[in-house]
Trainee: 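Pasting a structure here, questions to come.
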Amino acid sequence: MDAFTNTIEENKTHLSKLDNPIGDGDHGHNMSRGVKAASEALNSTPPKTLSEVFKTVAMSLISKVGGAAGPLYGTAFLNMSKYIGDNETLSKEQIASMLEEGLNGIKTRGKATTGEKTMIDLWEPAVNHFKENGTLDASIIDDYVEKTNPMKATKGRAAYLGERSIGHTDPGATSSGLLFKTLIDTAGLS
Amino acid sequence: MDAFTNTIEENKTHLSKLDNPIGDGDHGHNMSRGVKAASEALNSTPPKTLSEVFKTVAMSLISKVGGAAGPLYGTAFLNMSKYIGDNETLSKEQIASMLEEGLNGIKTRGKATTGEKTMIDLWEPAVNHFKENGTLDASIIDDYVEKTNPMKATKGRAAYLGERSIGHTDPGATSSGLLFKTLIDTAGLS
Amino acid sequence: MKKIINKPENVVEEMMQGFAQTHDDLVHRVGETRVMARNYEGKNKVGIISGGGSGHEPTHAGFLGKGMLSAAVFGDVFTSPTPDQVYEAIKAADKGAGVFMVVKNYTGDVLNFEMAKDMAEAEGIEVDYCVTNDDISVEDSTFSDGRRGVAGTIYVHKILGAMAERGASLKDLKTTAEKIIPEMKTIGIALSPATVPEQGTPGFELNEDEMEFGIGIHGEPGYERVKLQDSKSIAKEIYGRIKKAYDLKDNDEFVVLVNGMGATPLMEEYIFMNDVLALMKHDGIKVVKKMVGDFMTSIEMAGLSLTLLRLKDAQWLKDINEPVETPAW
Amino acid sequence: MKKIINKPENVVEEMMQGFAQTHDDLVHRVGETRVMARNYEGKNKVGIISGGGSGHEPTHAGFLGKGMLSAAVFGDVFTSPTPDQVYEAIKAADKGAGVFMVVKNYTGDVLNFEMAKDMAEAEGIEVDYCVTNDDISVEDSTFSDGRRGVAGTIYVHKILGAMAERGASLKDLKTTAEKIIPEMKTIGIALSPATVPEQGTPGFELNEDEMEFGIGIHGEPGYERVKLQDSKSIAKEIYGRIKKAYDLKDNDEFVVLVNGMGATPLMEEYIFMNDVLALMKHDGIKVVKKMVGDFMTSIEMAGLSLTLLRLKDAQWLKDINEPVETPAW
Ligand SMILES: Nc1ncnc2c1ncn2[C@@H]1O[C@H](COP(=O)(O)OP(=O)(O)O)[C@@H](O)[C@H]1O
Ligand SMILES: Nc1ncnc2c1ncn2[C@@H]1O[C@H](COP(=O)(O)OP(=O)(O)O)[C@@H](O)[C@H]1O
Ligand SMILES: [Mg+2]
Ligand SMILES: [Mg+2]
Ligand SMILES: [Mg+2]
Ligand SMILES: [Mg+2]
């Protein structure tokens, strides 16, 4: 989590900038508030189980991020926490299933699907790729993030732009890309 | 009056600009509204007597200029109209006395005297010079106008500036200078 | 960024403190939460809450008080409040007859309010809600998230507030809200952008001679950027679009709201209202109530929005005119 | 110049038309004059009039109505109205008990209102007046025209309005006005200038990182230009000066007004109020009423003013809190 927090901090301005042309320019700041709170919560009273770690992160994101991203990331982490249950280590297959549970949470909460230019367009192909190949790397993630660029948004704030959302990379997909890259570096997704 | 109107129109922006650093930047526009109305009134129903001409101008200035300048110029013209009475032509001495009556109106209405950086600092020396010498010319007028520059204002909007009003030429003195220059050209004050 | 603030990250906290102290005769802050509640109790009445990102002042807390809102939630600037905070507002508003939430249609607002509703229902508080979407500058479509909720929302607050005060049930409020919402239509314009304090730079840029039609209250891009037009032309454009969006009947009666975006002087708002009313008179459209002022702002954006509300029910006008005790209505 | 207007020379006329139509339940325009009058008759009560240059909206016409002003005169933008127009206002306000004029201390206003008083008295209408001068950023001196009248003026409107409604005489009003005026003190600040439409360029210039202390409501230069400070520092500076201008007694009670200049969002006004109240609390000074909002503006100037009113008479607070029916109080 500390690694993800650092990555978000480094990219905070970039993420908010991405949110400017097609949203309201706060995505970086929203995420930053959330991950800092999560890191703090984890460091101040370290949870005993892996499931608890994910739950703590979920609650911090839900109660600190706000905006659309808060409930979506929060629900993802909550679902992953539930999937983990009593497990303290996870196999690659279990990690894949856990991420899929997270993805399902996002889809249910946001009532969206692929191709709508949201974080789902990072999560779904990334989870599928990992499930099928057992690996993921940064360049593949970047690839998925970039693929949101030519999409027309139909969900979230960018949807108000219709055609004009085309040609902008989705900030939520970008921050989700950062999450997956952190997982690659720290949780052995590679 | 048409000549004065033209002069004011030409100098409208200049007068308002003078009013910016030490006032509220409307003097040119205020005067412009008044003299245009006066010209219109004179042209639409030409008054029969000289006294009436001055009265018409006075009423136009009072009801159109607003600000400090309106009542002051208006009172000046009203007093001059009264002085003229039944006369249709005036001797140089009478013109001098008429202007003096105008000046007195300004002083009474505005409760101000010389040295307070107002239009009085143009009127009083100009009237005195004319009375003593029977002539006036543009360069003398410019000289009086310029003399308001180093004065510290104690009346009108510029007074709020105290010391900082020093180094700015008074807009009301400047517009009064234009009036006297018009009189020099058209009423034989030279 | 030129603002009279202290630390950008503290603006909402300090604004809440200033607001609570200024209006302590009418409202109070709920503990250290992001919730402001009215002092008037309204026992056994349905509580109405509203909220969203901050930066739209006097919305939402300005409408707290007898006859209007029970509690208001403050999100960060232009950012939906979090579910735990909305839940606090629900708890503060609940006086035994349930709580009705007025939500503006933004994904973030809808998601966070829905999560809060889940939390409250788990604790046995009955909650229902409506989602306002009066901004017709954005195409409505069942395939997307639909239109944004903007200034028209204040009429939902007002009418439901009057109803709740008279003892209406949650279900009554829901039914009426769903009748009002399709009858209100808004379009906004901007002459200059707002700056979110924590971000420090304007949300968009407009040249000295440009304006934008259809801008959102968070600076979301509008439908057209043009050279600055005069008030009459702007009125023609946005009133024209709004009019077309109604299927007008002969005896239709309207409420008209000219709402300033934050930096626009009342002088311009009244001039614009004058132009709108001239067009409506020319069209023979009956206006029974006019309002001018800053009700739903976008921090220091220069611009305004025009809202029309068609009165499908004569009671709505009575409810809009019903006296209230609030800081800003 | 970026404004939602039509022809610059028509702004006052069109604003008056928009205002009169918007608030037709409360006010009406007197013929084609520059005068707006309240609909409420107030028979046999002293009429109170106010006015001055336009551009300070909602002042003056926003305070028309039962319990406050009887008529308001609109001058051109930032320009005193002419005597004939003030005289029209006097005639509209006269209901048989005389007319009281609330004039702000500007040479132009004083001269034009005095001329109108002469005109009215010639017609047998009894007229008296007061001149407000709450802006302590300008030195007071018997050798000059003294201090400017600014936002504090609204309290004179409000208290005298309540008194007149109760049937007070011209003389009562004069006596009370002269007691109130020395007790109110204001200082304003600006972050960016206003542009008079007919002039088309800003009245002054401030760099991106500058602000000015002591600015007047017509953009008259203030007492110091500094680098932009945070809200706490601004509060310290202007509240500090205001406090020093009183000879404080132990049991003094104050009304505090944070007044926006036109383009300043409520967010900043509340943050600033919060900082002022913290300082007053620290000083142990009792505040019995707080007001935040745009009451006396300077078109689209960004900035605000702080007004303190010391309550020498307990009745003043009651009169300030007395309900009124006006567009803007
Ligand atoms: N319905 C949705 N489903 C999935 N993701 C969504 C949905 N709506 C928005 N998003 C994601 O949220 C991101 C925006 O987050 P953020 O800027 O924090 O919230 P807000 O739009 O409320 O300001 C978008 O870039 C998009 O990826
Ligand atoms: N008490 C006074 N006596 C004489 N002249 C005055 C007085 N006060 C102001 N003036 C003159 O009026 C001029 C300003 O006029 P103007 O700008 O039209 O009015 P305002 O100051 O109301 O905007 C000043 O430059 C000054 O010459
Ligand atoms: Mg965003
Ligand atoms: Mg001037
Ligand atoms: Mg947001
Ligand atoms: Mg002026």
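Below, chains carry the letters A, B, ... as their sequence lines are ordered, and counting in each starts from 1.
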Trainee: Keeping the roles fixed (side chain from Q94(A), backbone from S91(A)), state whether a donor-acceptor pair exists under 3.5 Å.
Mentor: yes

Trainee: Between R34(C) and D76(C), does any NZ, NE, NH1 or NH2 come within less than 4.0 Å of an OD or OE carboxylate oxygen?
Mentor: yes

Trainee: Using 30° and 60° as the class limits, which term best fits the ring planes of F78(C) and H56(C): parallel, tilted or perpendicular?
Mentor: parallel

Trainee: Among Q199(C), Q85(C), E220(C), who wins on heavy-atom pairs under 4.5 Å with chain A?
Mentor: Q199(C)

Trainee: Under a 4.5 Å heavy-atom cutoff, which of L72(A), D19(A), D26(A) has the most pairs with chain C?
Mentor: D26(A)

Trainee: Before accepting this row, confirm whether a basic side-chain N of the pair K107(A)/E100(A) lies closer than 4.0 Å to the acidic partner's carboxylate O.
Mentor: no

Trainee: Do you know which two heavy atoms are closest between P83(C) and I62(A), and how far apart they sit?
Mentor: CD-O, 3.3 Å

Trainee: Go through the atoms of N112(C) and report whether side chain, backbone, both or neither lie under 4.5 Å from a heavy atom of chain A.
Mentor: both

Trainee: Which of the residues V77(C), L111(C), V110(C) is involved in the greatest number of heavy-atom pairs with chain A at under 4.5 angstrom?
Mentor: L111(C)

Trainee: Heavy-atom distance under 4.5 Å to chain C: side chain of T75(A), backbone, both or neither?
Mentor: side chain

Trainee: Does the plane of the ring in F74(C) sit parallel, tilted or perpendicular to the ring in F19(C)? Use 30° and 60° as the thresholds.
Mentor: perpendicular

Trainee: Is it the backbone or the side chain of D24(A) that comes under 4.5 Å from a heavy atom of chain C, or both, or neither?
Mentor: both

Trainee: Hey, what do you get for OG (S54(C)) to CE (M16(C)), rounding to the nearest 0.5 Å?
Mentor: 8.0 Å

Trainee: Among R33(A), K17(A), K12(A), who wins on heavy-atom pairs under 4.5 Å with chain C?
Mentor: R33(A)

Trainee: Between M59(A), K111(A), R157(A), which residue shows the highest count of heavy-atom pairs closer than 4.5 Å to chain C?
Mentor: R157(A)

Trainee: Y106(C) versus chain A, heavy atoms under 4.5 Å apart: side chain, backbone, both or neither?
Mentor: both

